[in-house]
There are 2 protein chains.
Amino acid sequence: MNIKKEITIYDLAKKLNYSPSTISRALNDNKSISKKTVKLVKDTAEEMGYRPNVLAAGLRNNKSKTIGISISRINRHFIASLISGIEETARKAGYNVIISQSNDKYKNEINNTKALYDSRITGLICSLSMETSDYEHFKQFTDKGIPIVFVDRVPNKFNSYKVVIDNYSAGYAATKHLIEQGCKRIAHFAGEQHLNVYEERKKGYLDALKEFNLPIEENLIHHFKTLSFEEGKKMTAKLMAMTNPPDGIFSANDTAAVSAIIYAKSKGIKIPEELAIIGFNDDPISSIVDPALSTVSHPAAKMGEISAKRILEHSKNNYDQSVSEVTILNTEIIIRDSSNRKKLLP
Amino acid sequence: MNIKKEITIYDLAKKLNYSPSTISRALNDNKSISKKTVKLVKDTAEEMGYRPNVLAAGLRNNKSKTIGISISRINRHFIASLISGIEETARKAGYNVIISQSNDKYKNEINNTKALYDSRITGLICSLSMETSDYEHFKQFTDKGIPIVFVDRVPNKFNSYKVVIDNYSAGYAATKHLIEQGCKRIAHFAGEQHLNVYEERKKGYLDALKEFNLPIEENLIHHFKTLSFEEGKKMTAKLMAMTNPPDGIFSANDTAAVSAIIYAKSKGIKIPEELAIIGFNDDPISSIVDPALSTVSHPAAKMGEISAKRILEHSKNNYDQSVSEVTILNTEIIIRDSSNRKKLLP
DNA sequence: ATAATTAACGAAAACGGTTGAGTAAACATA
DNA sequence: TATGTTTACTCAACCGTTTTCGTTAATTAT
């Protein structure tokens with residue numbers, strides 16, 4: 001088991017009788033090196049099995065070609081798609097992607113951002129943890145001119161790039177859709193209200209009710225810790241046991257919405273006739289559940305792509321850090337059988 | 001917008017009147033530095049806002065505390081859970097995780113592994129792309145003593161660590177389960193046969209049939225390109241249109257199995273009475289589909305955890321690279337309504 | 001023909017840690 | 001008392017690139 005020695009630009013320099021500077025420039029297509037030499041250098045680099053050491057380059061430039069990601073957890077469909085979009089565009093540009101999961105813990109997010117900083121990332125893409133309401137730990141980046149792109153779950157009081165969907169409009173549209181299907185008493189499964197996404201979805205819901213002169217009933221609005229399957233099931237049970245149960249549910253995510261469908265079915269409640277349901281995210285489960293769940297689709301991969309591009313552009317042009325450029329992407333209401341009462345009409 | 005200067009160990013050294021070496025050692029808890037000094041150094045480091053530059057350390061050590069991952073694509077439940085497991089254990093040990101997606105293209109896998117190598121990763125965790133059947137591009141790691149852990153989709157002819165499930169036994173058990181439910185003509189949705197996972201699942205299927213003296217009918221065995229929803233649906237349609245259709249399906253993944261359920265339901269075929277179905281992976285969709293899909297559960301996060309630990313151990317102990325240590329994890333058959341005929345009996 | 005410009009490359013100093021070898025003082029041992 | 005051992009540091013080289021200044025020779029302008 002003998003370990004082969006690494007080939008460096010010095011080895012190339014010695015072999016070709018050039019200085020390391022020339023080799024470096026040739027490899028980077030510096031125009032002050034003749035095309036002939038560039039070709040020669042690149043060919044022998046290939047031939048000798050030279051592989052650049054990005055750590056050395058990174059040290060010298062005080063920046064590695066790396067994008068850092070801080071998210072809650074990977075194994076959720078939306079997040080996985082987001083990361084997929086980031087990775088794809090980053091890699092095309094020759095950048096690596098480092099991921100870190102907060103598991104929705106504030107403390108983890110702090111430690112992770114530190115670790116990412118220590119790697120001298122070119123930029124950070126972050127979707128906040130559930131618990132985060134203080135943003136001090138992001139200053140280490142802005143202090144050093146390192147761009148941050150917040151995506152989906154973003155802070156309202158922090159100057160930086162943001163890539164989001166219009167949660168308000170989506171919440172409004174989802175609720176309006178239920179109203180148009182004839183729902184009069186629509187419940188809302190809401191998420192943590194200090195997170196912009198859930199706060200805005202709820203606002204949209206409330207405004208739609210107002211718009212159509214439907215009363216806002218506080219006992220139909222429930223704030224969930226995690227919008228999990230279990231939570232959703234329990235809440236659906238509670239709601240449907242009311243003397244005057246709701247005839248519609250707008251859930252801030254699909255998991256809870258699906259749990260509502262499954263619970264209602266098990267109790268013989270007809271969907272959508274007695275209870276129309278719409279979720280949020282367009283998770284794979286939403287098209288599999290029976291009846292299929294209406295929902296709001298997120299352009300997750302696209303959001304990742306745009307976020308990555310923000311970082312790449314910034315590092316090219318060195319934009320003014322103090323500018324907070326917000327990108328708002330369109331959502332789409334996907335109507336399936338869980339809410340489509342009109343389809344049932346002759 | 002003025003960018004703050006970075007604090008280095010030289011700044012700490014100057015401030016404390018120590019040499020940089022002492023600072024470095026103190027920060028790394030080297031025992032040749034007095035506890036008093038260590039505390040002093042760490043405290044002022046904290047106070048001055050010192051953050052280590054892992055690029056510099058990595059350059060010096062010719063290895064960054066980073067684990068590289070090469071997988072097909074992130075946004076699949078199994079892969080996302082796997083990565084989640086890797087990230088969690090890596091981060092606990094102070095390691096970063098770089099991900100790269102091949103999108104199941106051999107060429108991408110080659111480029112990605114090069115990029116990972118260039119980052120001087122401590123080790124590589126890889127689940128092969130669909131197209132990979134040549135392993136030359138992994139030699140760059142073993143040549144340099146960098147450990148590789150293949151996980152799930154592993155090469156059979158390459159010396160390295162491997163973390164897998166017993167696909168053969170799982171395939172056997174899944175098929176046996178259908179047989180025990182009374183199925184006589186069981187179809188198999190198989191994947192690409194040069195991938196160990198699909199090859200072995202099929203072998204298990206075949207051996208179970210033999211064991212129970214059921215005939216092997218080639219027209220019930222179908223090899224899929226991607227085991228997608230559409231492929232599964234088409235194939236189910238074809239199978240159920242036969243004059244003598246199968247009474248059971250063992251699908252090598254859940255997506256195709258779910259598509260079979262949905263297709264059969266749409267055609268009024270009773271599940272599991274007329275057609276019993278079992279899938280593979282225990283994707284979230286499998287418990288949501290109605291009737292719920294029986295399946296084989298993968299300990300995905302656990303596999304990630306073990307893979308990461310292999311890398312960490314290796315880098316601590318510098319094990320003999322030529323040893324190919326294989327870890328085989330248990331799977332579990334999860335019986336749900338899509339195959340549970342006995343439940344229907346009084 | 002001479003001055004000015006340009007093209008093509010080289011020397012050497014960073015970048016921020018790590019580490020083997022060395023040292024001075026304090027302490028223990030024979 | 002002389003010697004050996006520890007303790008707690010320091011020195012300086014090194015990791016592989018990049019980049020700022022040069023330098024030299026060739027080309028162009030005057």
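Naming: A, B, ... by sequence-line order, numbering from 1 per chain.
- The CG-C1' distance, from A:L27 to C:dC9, rounds to 15 Å in whole Å.
- Using a 3.5 Å distance cut-off with no hydrogens or angles, the side chains of B:S84 and A:Q101 do pair a donor with an acceptor.
- Nucleic acid contact for B:T22: base, since at least one base atom lies under 4.0 Å from a heavy atom of the residue.
- Applying the 4.0 Å criterion to OP1 and OP2 of C:dC9, one finds that A:S34 has a side-chain N or O inside that range.
- For the pair B:N53 (side chain) and B:A56 (backbone), a donor-acceptor distance under 3.5 Å is present.
- Considering only the side chain of B:N61, C:dT18 comes nearest among D:dG16, C:dT18, D:dA8.
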Item to complete: Show your reasoning for whether salt bridge (Lys or Arg N to Asp or Glu O under 4.0 Å) applies to A:D11 and A:K15.
Response: CA-CA 6 Å; A:D11 300 319; A:K15 172 108 167 191; over 6 Å; no
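- At a threshold of 4.0 angstrom between heavy atoms, the contacts of A:N17 are confined to the sugar-phosphate backbone, with no base atom among them.
- Rounding to whole angstrom units, CD1 of residue B:I7 and C1' of C:dG17 are separated by 15 Å.
- Expressed to the nearest 0.5 Å, how far OG1 of B:T89 lies from NZ of B:K309 amounts to 7.0 Å.
- A:L59 places its CG atom 12 Å from the P atom of C:dT18, with the value rounded to the nearest Å.
- Atom-to-atom, CZ of B:R60 to P of D:dA12 comes out at 16 Å; the value is rounded to the nearest Å.
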_Set out, in order, the CA-CA distance, both residues' side-chain angles and the distance that settles side chain to side chain contact (heavy atoms under 4.5 Å, CB included) for B:E313 and B:R310, then state yes or no._
CA-CA 5 Å; B:E313 289 162 9; B:R310 284 276 166 280; 3.2 Å; yes
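- Distances shown here put every side-chain N or O of B:Y18 at or beyond 4.0 Å from the OP1 or OP2 atom of D:dT10.
- On a pure distance criterion of 3.5 Å, no polar donor-acceptor pair joins the side chain of A:R25 and the base of D:dT17.
- Among D:dT10, D:dA8, C:dG17, the nucleotide with an atom closest to any side-chain atom of B:I9 is C:dG17.
- Nucleic acid contact for A:S32: base, since at least one base atom lies under 4.0 Å from a heavy atom of the residue.
- Heavy atoms of B:N62 sit nowhere under 4.0 angstrom from any nucleic acid atom.
- Checked by distance alone, B:S21 brings a side-chain donor or acceptor within 3.5 Å of a matching partner on the base of D:dC11.
- Note: B:Y161 and B:F150 fail the aromatic proximity criterion, with ring centroids not under 6.0 Å apart.
- Put simply, NZ on A:K5 is 12 Å from P on D:dC14, counting in whole angstrom units.
- The side chain of A:T8 places no N or O atom within less than 4.0 Å of a non-bridging phosphate oxygen (OP1 or OP2) of D:dG16.
- Contacts of A:R51 with the nucleic acid, taken as non-hydrogen atoms under 4.0 Å apart, involve only primed sugar atoms and P, OP1 or OP2.
- Residue contacts shown for A:S24 include a base, since a base heavy atom lies under 4.0 Å away.
- When the P atom of C:dA11 is taken as reference, atom CD1 of A:I23 falls 12 Å away, rounded to whole Å.
- Rounded to an integer number of Å, the gap from A:N53 CG to D:dT17 C1' is 8 Å.
- The separation between B:E6 atom CD and C:dG17 atom P is 8 Å, rounded to whole Å.
- Counting any heavy atom pair closer than 4.0 Å across all strands shown, B:Y10 reaches a base atom.
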